[in-house]
Asker: 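Here's a structure for you.
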Amino acid sequence: MLKINELKKVFRTEEIETMALGGVSLHVTEGEFIAIMGPSGCGKSTLLNILGLLDNPTSGKYFLNGIEVGHLKEKQRTDMRKGNIGFIFQSFNLIEEMNVFENVELPLVYMKVKASERKKRVEETLRRMNISHRATHFPNQLSGGQQQRVAIARAVVANPKMILADEPTGNLDSKNGKDVMDLLSELNREGTTIVMVTHSQHDASFSHRVINLFDGQIIGIEKKIGILA
Ligand code: ADP
């Protein structure tokens with residue numbers, strides 16, 4: 001599914017240079033559920049952003065389904081993301097001016113799916129996420145748990161092969177966090193590859209492998225027996 005070789009990422013400002021990733025190599029197979037853990041500032045989000053084609057590495061190779069995608073131009077990255085990669089963020093990142101239906105519909109609009117098909121797929125996905133009754137509500141009228149369910153709906157509406165999640169339960173209480181992890185686990189069992197950054201050992205227990213990052217390097221890979229997965 002994805003393979004990275006010696007990925008490095010250096011952020012340069014006028015005064016300082018930060019080596020956020022110092023040569024990371026990893027192979028994720030289709031259908032795997034990977035958790036990335038490590039202390040704040042160790043490079044987790046940087047890695048996830050590169051895997052999600054939101055950013056390019058400074059050097060190294062990234063193969064997604066056999067294609068080298070590590071050094072694409074922004075427009076090519078955007079095209080490659082569409083329908084292939086779904087994102088979930090800690091802060092939900094919903095568009096406040098759009099209602100639930102419109103937020104979830106957005107990826108399909110970008111993909112130029114026709115309106116009748118969009119309606120069908122959005123309604124199906126909202127049902128699945130148990131949030132249909134909120135279709136005309138705006139994000140600020142929803143609880144955190146509901147907002148994250150909408151964000152998951154938006155991430156999966158285009159049926160991506162891979163979901164990237166950056167601390168998806170970080171802003172939720174334990175009940176809503178559990179619901180979100182149950183949803184991710186179910187999507188994974190149906191074949192979606194998931195790469196998730198988390199601080200939570202509980203959330204990591206849903207994964208097949210935990211990648212421990214420290215100071216921009218992988219310092220250990222822990223296999224999970226999948227007690228919950
Ligand atoms: P984590 O997600 O593990 O908390 P990050 O990937 O956000 O860590 O950051 C890794 C390092 O790179 C940190 O030292 C951070 O300050 C730095 N960094 C991240 N993004 C940028 C950026 N856009 N510009 C400069 N430095 C950055």
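Both backbone and side-chain heavy atoms feed into the values below; hydrogens, waters and symmetry mates do not.
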Asker: I'd like to know if the side chain of Ser143 reaches the main chain of Gln146, judged simply by a donor and an acceptor atom lying under 3.5 Å from each other, with no hydrogens or angles considered.
Answerer: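 Yes: the side chain of Ser143 pairs with the backbone of Gln146.
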Asker: Rounded at 0.5 Å granularity, tell me how far CD1 in Ile211 sits from CG in Leu47.
Answerer: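 With rounding to 0.5 Å, CD1 (Ile211) is 9.0 Å from CG (Leu47).
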Asker: Are the side chain of Thr198 and the backbone N or O of Asp203 linked by a donor-acceptor pair below 3.5 Å?
Answerer: no
Asker: How many angstroms lie between CE in Met129 and CD in Gln148, if you round to the nearest 0.5 Å?
Answerer: 11.0 Å
Asker: Mark yes or no for whether Ser185, through its side chain, and Phe206, through its backbone, hold a donor-acceptor pair below 3.5 Å.
Answerer: no
Asker: Is there a path of hydrophobic side-chain contacts, each under 4.5 Å between heavy atoms of I, L, V, M, F, W or Y residues, that connects Met19 with Leu26?
Answerer: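 Each belongs to a different hydrophobic cluster.
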Asker: So, Thr18 side chain and Ala20 main chain: donor-acceptor pair closer than 3.5 Å or not?
Answerer: no
Asker: Shared ILVMFWY cluster between Phe89 and Ile194, side chains joined below 4.5 angstrom?
Answerer: no
Asker: Please set out all donor-acceptor pairs under 3.5 angstrom arising from side-chain atoms of residues 99-109, sequence neighbours excluded.
Answerer:
from, atom 1, to, atom 2, distance (Å)
Asn99, OD1, Phe101, N, 3.1
Asn99, OD1, Glu102, N, 2.9
Glu102, OE1, Asn99, N, 2.9
Asn103, OD1, Ile95, N, 2.8
Asn103, ND2, Ile95, O, 3.1
Asn103, ND2, Met98, O, 2.9
Asn103, ND2, Asn99, O, 3.2
Glu105, OE2, Arg118, NE, 2.8

Asker: Whether Glu123 and Lys119 form a salt bridge (side-chain N of Lys/Arg under 4.0 Å from carboxylate O of Asp/Glu) is what I want to check.
Answerer: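 Yes, Lys119 and Glu123 are salt-bridged.
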Asker: Checking His199 now: which residues fulfil side chain to side chain donor-acceptor pair (under 3.5 Å) with it, not counting sequence neighbours?
Answerer: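 His199 satisfies side chain to side chain donor-acceptor pair (under 3.5 Å) with Glu167 once adjacent residues are dropped.
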Asker: Would you kindly confirm whether Val180 and Met162 end up in one hydrophobic cluster when ILVMFWY residues are joined by side chain heavy atoms under 4.5 Å apart?
Answerer: no
Asker: For residues 28-41, please give each side-chain donor-acceptor pair under 3.5 Å, one per line with the distance, not counting sequence neighbours.
Answerer:
from, atom 1, to, atom 2, distance (Å)
Thr29, OG1, Glu32, OE1, 3.4
Glu32, OE1, Thr29, N, 3.0
Glu32, OE1, Arg209, NH2, 2.9
Glu32, OE2, Arg209, NE, 2.7
Glu32, OE2, Arg209, NH2, 3.3

Asker: Do Asn56 and Arg77 have side-chain N/O donor and acceptor atoms under 3.5 Å apart?
Answerer: yes
Asker: State which residues pass ring-ring contact (aromatic ring centres under 6.0 Å, His included) with Tyr62; sequence neighbours excluded, sorted by chain then number.
Answerer: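 Expected list: none.
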Asker: Counting N and O atoms only, with roles assigned by atom type, does the side chain of Glu68 sit under 3.5 Å from a partner on the main chain of Gly70, one being a donor and the other an acceptor?
Answerer: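 Confirmed, Glu68 side chain pairs with Gly70 backbone.
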Asker: In chain order, what residues pass the ring-ring contact (aromatic ring centres under 6.0 Å, His included) check against Phe92, with sequence neighbours excluded?
Answerer: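 Partners of Phe92 under the ring-ring contact (aromatic ring centres under 6.0 Å, His included) test: none.
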Asker: Any sub-3.5 Å donor-acceptor pair from Gln76's side-chain atoms to Lys73's backbone N or O?
Answerer: yes
Asker: Other members of the hydrophobic cluster containing Phe214, with the 4.5 Å side-chain heavy-atom rule, please.
Answerer: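 Phe214 clusters with Ile219.
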